[in-house]
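Worksheet: one structure, shown below.
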Number of protein chains: 2
Amino acid sequence: MSSVAGSFKLMKSLNRTLVLNSIRINGAIPRSEIAKETKLTAATVTNIVNELISEELVLETKPGISSGGRKPILLTINSKSRYVFGIDVGVNKIRFAIADLEAKIVVKETEKIFHPLNNEDFLELLTSKLQIMFKNFGEKKSKIVGIGIAMHGIVDNKNGVALLAPTLKLKNIPIKTVLEKEFGIPVRIENDAKTLALGEEWYGHGQSVKDLVCLNIGEGIGAGIILNHKLFHGNDNSAGEIGHTIIDINGPKCSCGNYGCFQSLASGHALKESALREISLGRTTLLREKCHDKLENIDGLLIYQCALKGDSLSVELLQKTGRYIGIGIVNIIHFLNPPLIIIGGGVSRAKEFILPSIYEVIDAKSITPNNTQVVVSKLGEDGSLIGAFTLVLSELFNSINSSLS
Amino acid sequence: MSSVAGSFKLMKSLNRTLVLNSIRINGAIPRSEIAKETKLTAATVTNIVNELISEELVLETKPGISSGGRKPILLTINSKSRYVFGIDVGVNKIRFAIADLEAKIVVKETEKIFHPLNNEDFLELLTSKLQIMFKNFGEKKSKIVGIGIAMHGIVDNKNGVALLAPTLKLKNIPIKTVLEKEFGIPVRIENDAKTLALGEEWYGHGQSVKDLVCLNIGEGIGAGIILNHKLFHGNDNSAGEIGHTIIDINGPKCSCGNYGCFQSLASGHALKESALREISLGRTTLLREKCHDKLENIDGLLIYQCALKGDSLSVELLQKTGRYIGIGIVNIIHFLNPPLIIIGGGVSRAKEFILPSIYEVIDAKSITPNNTQVVVSKLGEDGSLIGAFTLVLSELFNSINSSLS
DNA sequence: GATACTTAATTAAATAAATTAATTAAGTTC
DNA sequence: GAACTTAATTAATTTATTTAATTAAGTATC
């Protein structure tokens with residue numbers, strides 16, 4: 001059975017979580033309101049709030065407005081009482097940042113990755129940069145309670161191992177073990193699409209739903225699936241490998257060897273391939289000029305920029321991509337029927353071109369009277385980074401099972 | 001937030017559930033073992049077991065074997081202390097059954113459906129048959145604690161309304177309201193693919209996993225998705241409409257209007273269509289003889305029977321269907337990566353022909369080192385019916401939030 | 001502007017149900 | 001048959017909630 005044993009500890013932990021998140025989500029709220037919202041008694045709320053205040057997680061701020069009786073005392077999260085580290089490992093660079101309890105970035109730096117590198121190089125790169133940033137954070141460094149890492153590829157989040165990172169050409173990097181030994185605070189690692197989804201759930205468009213699918217469409221296509229407020233990992237940590245679901249049995253060959261994968265038709269990579277094909281057929285386009293006749297320089301960003309300038313091929317290509325993305329989304333709707341699907345990653349920059357095509361396909365092809373909302377990522381560029389903070393913050397705020405203080 | 005408030009009631013309820021299910025799953029177990037398994041203290045187990053015994057849910061049976069001390073007293077579920085009603089609404093018939101707490105059928109009857117019928121006819125059919133069976137159950141009828149109903153189409157399980165039942169050509173049937181008023185016990189309704197999945201989770205192949213996808217492949221294809229031991233409904237109760245996910249953009253037209261839907265290629269209906277096409281092209285086959293030249297009589301069952309007799313076209317058709325099912329399963333693996341996928345419904349009868357093709361496609365096309373198990377339904381014919389019992393039994397055994405006694 | 005009412009928050013007493021520790025029950029082993 | 005084991009129960013303690021009463025700090029009204 002899945003059920004957990006009831007105990008005083010669990011009871012306390014559940015209620016503490018309720019109170020803490022009531023304060024976090026409402027911004028500034030008096031004890032009486034918390035009691036109403038959580039359905040806890042006023043006495044319980046008082047007790048728990050006292051604890052949270054003594055832990056410095058919560059602050060009494062100004063008094064509120066009386067509604068005919070004693071003034072309420074507004075409570076807020078003490079957002080500078082603790083900090084979290086977030087790391088976003090990309091293809092060519094790694095972004096390091098420190099954020100407060102509201103996931104607001106207070107320090108942010110970037111390191112380039114020089115290929116090729118092995119596991120030791122990679123871990124050394126992380127460790128040394130972290131050491132410097134820890135040091136520079138001065139006496140506040142003791143307030144850093146955890147390190148969250150967003151990483152492409154397949155990640156074993158339980159053991160904190162990057163199982164397969166294709167673009168870095170690395171395997172089985174024991175990140176958690178190494179960094180926890182070095183820094184003595186909890187380290188959490190997660191696949192980047194999953195991290196993005198988590199970021200959107202906590203600080204982006206997903207705050208009012210309990211289930212969502214977040215697409216990360218860049219060179220490839222990955223998805224983060226959140227079910228009942230929790231990331232879904234699947235049996236082998238490879239849930240969300242939606243880029244390799246087949247939508248056209250007789251379609252083009254994908255890098256994985258199969259034919260007609262979603263990402264062989266709808267990704268940034270597919271976009272570039274389509275552009276090159278059209279150009280090789282002699283089609284006139286602004287792209288040719290803008291890439292200075294170096295066709296390998298063409299990428300999604302350039303196509304978007306040319307589309308903005310009215311280049312008809314670029315516009316067409318983006319629209320076609322939008323239609324393919326629409327097919328993939330229709331499949332998600334028919335399979336999981338989530339209340340919300342979020343489109344993130346590089347292509348979401350070109351939303352004015354792709355979104356109409358996406359909506360068109362969804363309207364035409366979804367068979368059920370579906371109310372799934374489809375939107376573009378709210379967090380944008382910083383999505384994975386904010387998600388990385390959230391890996392730690394979500395444990396801090398949902399104290400159950402947490403090893404954080 | 002999703003979290004629930006902690007309370008004494010919750011604590012008690014959680015532990016009661018743990019103990020009850022420990023007994024249910026283990027068959028015969030002493031208190032000491034329950035304590036070990038659930039990590040509850042012996043004292044708590046004693047208290048809860050006493051309660052369960054006084055409610056007649058649990059029985060002390062024979063003493064167990066001593067391992068060097070006092071003999072343990074074995075506890076079992078008192079399976080005849082309560083009964084549940086299960087109803088499986090098919091296209092042409094409705095199956096009614098009563099089962100004990102082990103989901104063992106003790107009474108089973110079938111009623112034919114005469115088309116066309118309206119909502120009132122349908123409800124009257126259910127009500128009158130239930131009344132008779134209640135009466136015939138004698139004094140034991142007061143032990144029936146709930147009615148579970150498996151129904152094709154889209155079902156609003158919360159409100160107990162069959163929103164859309166295409167084969168009956170009915171809409172918005174308020175089954176729960178009507179039957180609860182008539183019989184005064186809880187009524188639960190669920191889509192048949194979801195019900196099948198629930199049955200497999202509790203009494204079939206899904207007992208050791210917490211997530212699974214169960215395909216119901218008949219004339220169409222539906223899926224029941226179980227995540228963290230719970231049925232997943234999606235936003236509009238249409239999660240699992242996997243038959244209409246697109247796997248071949250340029251494929252044949254589906255009944256829904258789209259092209260290349262999974263079920264336009266892999267269902268019983270698709271199988272028949274393929275057979276007719278081949279026959280119209282003049283292909284010799286045993287099918288022609290066996291249907292007595294009435295081609296409309298050809299169906300999945302006949303094709304299977306001919307395949308058994310060595311008819312090469314029938315074998316080929318089943319293998320092709322298996323390959324298409326394989327594609328759909330690969331998509332499920334790449335999207336959700338569940339530990340288990342169960343194949344149920346009519347075509348699973350022909351497992352010796354389709355299963356090898358399915359495995360072949362999965363091996364060839366799944367990109368991740370996946371450990372998803374793919375098996376054929378354990379419950380077979382009675383799957384949906386057993387699932388219908390489970391709608392009620394699962395609430396009884398997981399007392400949290402239950403309105404059952 | 002004194003009295004009555006409201007609302008917020010805390011404190012004190014009562015209660016639920018788990019945990020811990022001690023006891024009883026019923027063996028086995030040498 | 002004395003010493004040890006294991007199972008199950010009972011009694012005492014503890015945790016944390018709930019209920020009820022109290023204190024705090026207002027507003028409204030005549």
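Chain letters run A, B, ... following the sequence lines, proteins first, then strands; residues in each count from 1. Computed from a prediction, not measured in an experiment: that's the story for all the values here.
Look at B/K143 and B/E56 and you find no salt bridge, because none of the NZ, NE, NH1 or NH2 atoms lies under 4.0 Å from a carboxylate O.
Following rounding to the nearest Å, B/M11 (CE) and D/dT18 (P) show an atom-to-atom distance of 10 Å. As a whole-Å value, the separation of B/E51 CD from C/dA18 C1' is 13 Å. In this structure, NZ of A/K39 is placed 13 Å from P of D/dT18, rounded to the nearest angstrom. Per the geometry, CD1 belonging to A/I48 stands 10 Å off P belonging to D/dA16, to the nearest Å. Atom C1' of nucleotide C/dA18 and atom CZ of B/F8 are separated by 9 Å, given to the nearest angstrom. Following rounding to the nearest Å, B/L75 (CG) and D/dA8 (C1') show an atom-to-atom distance of 11 Å. Rounded to whole Å, atom P of C/dA8 lies 11 Å from atom CD1 of A/I29. Note: CZ (B/R31) to P (C/dA26) measures 13 Å, nearest angstrom.
Within the 4.0 angstrom heavy-atom criterion, only backbone atoms of the sugar-phosphate kind lie near B/I73; the bases stay farther away.
Note on A/T41: a side-chain N or O is less than 4.0 Å away from OP1 or OP2 of D/dT18. Remark: B/N15 is in phosphate contact with C/dA18, judged by side-chain N or O atoms under 4.0 Å from OP1 or OP2. Dashed line: the shortest gap from a side-chain N or O of A/S67 to OP1 or OP2 of D/dT27 is not under 4.0 Å. Contact between the side-chain N/O atoms of A/T46 and the OP1/OP2 oxygens of C/dT10 is found at a separation under 4.0 Å. B/S32 has a side-chain polar atom (N or O) that falls below the 4.0 Å cut-off from OP1 or OP2 of D/dA8. Within the 4.0 Å cut-off from OP1 or OP2 of C/dT19, at least one side-chain nitrogen or oxygen of B/T44 is found.
Of the possible donor and acceptor atoms, one in the side chain of B/E200 sits under 3.5 Å from a partner among the backbone N and O of B/H205.
Counting only heavy atoms from C-beta on, A/A43 has its side chain closest to D/dT18 among C/dT19, D/dT18, C/dA9.
Annotation: of the two residues near DNA chain D, B/K36 and A/A42, the 5′-most nearest-nucleotide partner is B/K36. The residue among A/E60 and B/G69 whose nearest nucleotide of DNA chain C is located toward the 5' end is A/E60. Each of A/G68 and A/N47 was matched to the nucleotide of DNA chain D holding its nearest heavy atom; the match closer to the 5' end belongs to A/N47. DNA chain C is contacted by both A/P72 and B/K12; A/P72 maps to the nucleotide lying nearer its 5′ end (nearest heavy atom per residue).
With a 6.0 Å cutoff to the six-membered ring centre and a 45° limit on the axis angle, B/K141 does not count as a cation-pi contact of B/F137.
No close placement of the B/F85 and B/F389 rings is indicated, their centers lying 6.0 Å or farther apart.
Aromatic ring pairs are classed by plane angle as parallel below 30°, tilted from 30° to 60° and perpendicular above 60°; the pair A/F183 and A/F134 is parallel.
Here the options are A/L40, A/V45, A/T38, the test is side-chain contact (heavy atoms from CB on, under 4.5 Å), and the partner is A/N15; only A/L40 passes.
Residue-to-nucleotide contacts include no donor-acceptor pair under 3.5 Å from the side chain of A/R70 to the base of D/dA25.
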